[in-house]
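A short write-up of the structure that comes next.
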Amino acid sequence: MLSDQELLRYSRQILLAQVDIDGQLRLKRSKALVVGLGGLGSPVALYLAAAGVGELHLADFDTVDLTNLQRQVIHDSDSVGMSKVDSACKRLEAINPEVKLVAHREALDEDSLAAAVGAVDVVLDCSDNFSTREAVNAACVAAGKPLVSGAAIRLEGQLSVFDPRRDYSPCYHCLYGHGSEAELTCSEAGVLGPLVGLVGSLQALEAMKLLAGFGDPLVGRLLLIDALGTRMRELRVKRDPACAVCGSRHG
Ligand SMILES: [Zn+2]
């Protein structure tokens with residue numbers, strides 16, 4: 001059940017017919033894993049905590065650096081040098097003490113990543129490198145857990161949802177596994193704060209839809225965001241039957 005305090009706290013989203021009390025209870029019973037507490041993970045964690053997702057599992061082995069603060073809005077100037085997970089927990093506890101926080105401050109290896117993914121209902125990939133994205137995807141496919149994947153670099157963003165519970169859904173590897181493009185990082189290429197904020201906010205929205213069970217999730221679709229021209233377009237993306245990660249999923 002929801003307390004009077006919770007009914008008040010979440011009243012503006014409970015007012016929506018698509019959420020209602022049932023949706024709020026589903027959020028309360030839900031667990032989400034946020035991989036990476038940088039530019040994408042900041043709005044993801046802030047919005048999911050504020051919305052009342054019952055448990056947030058936070059994974060990042062890095063510490064807060066001064067160069068992070070231009071876009072990683074969950075951290076503040078006093079947090080420089082602190083573990084990103086600890087810095088995020090401090091902020092999230094202040095926003096919503098109802099949410100249970102589970103911290104992963106260590107780098108996750110294959111086993112600990114599988115355990116972390118297995119413990120939640122949805123995974124949000126907010127990491128900044130290809131090898132982490134591939135590892136998170138493989139763990140999600142193996143565990144049958146939906147993955148909300150976002151990325152932003154320079155003035156371009158991308159977003160998609162991979163849901164192994166749906167036959168038609170590709171996985172991250174179906175789309176990006178060919179690795180033809182050289183990997184770029186924000187530290188080399190640059191990125192704008194509001195753009196990662198936009199992509200991360202959309203990731204949080206997709207996760208809420210999956211957890212509370214409303215709307216049409218971005219499965220089988222890739223959203224491309226062009227910040228320079230303020231344009232969004234969408235590509236249909238298909239599952240690769242020969243994919244090395246999900247190809248044998250349906251026998
Ligand atoms: Zn695949």
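For this chain, numbers begin at 1 and follow the sequence in order. None of these values were measured; they are calculated from a predicted model. In each ligand, atom 1 is the first atom listed, and ligand 1 is the first ligand listed.
Between Glu6 and Arg9 there is no salt bridge, since no side-chain N of the basic residue sits under 4.0 Å from a carboxylate O of the acidic one. The pair Lys90-Asp78 does not count as a salt bridge, with every side-chain nitrogen at least 4.0 angstrom from each carboxylate oxygen.
Using modelled atom types and a 3.5 Å distance limit, the side chains of Tyr10 and Glu98 yield no donor-acceptor pair.
Leu124 and Leu205 fall within the same hydrophobic cluster, where Ile, Leu, Val, Met, Phe, Trp and Tyr residues are linked whenever their side-chain heavy atoms come under 4.5 Å apart, directly or through other members.
Among the atoms of His173, none of the N, O or S atoms falls under 2.8 Å from the Zn ion (ligand 1).
Put simply, the angle at the Zn ion (ligand 1) from SG in Cys246 to SG in Cys171 is close to 110°, to the nearest 10°. Rounded to the nearest 10 degrees, the angle SG (Cys243) to the Zn ion (ligand 1) to SG (Cys174) equals 110°.
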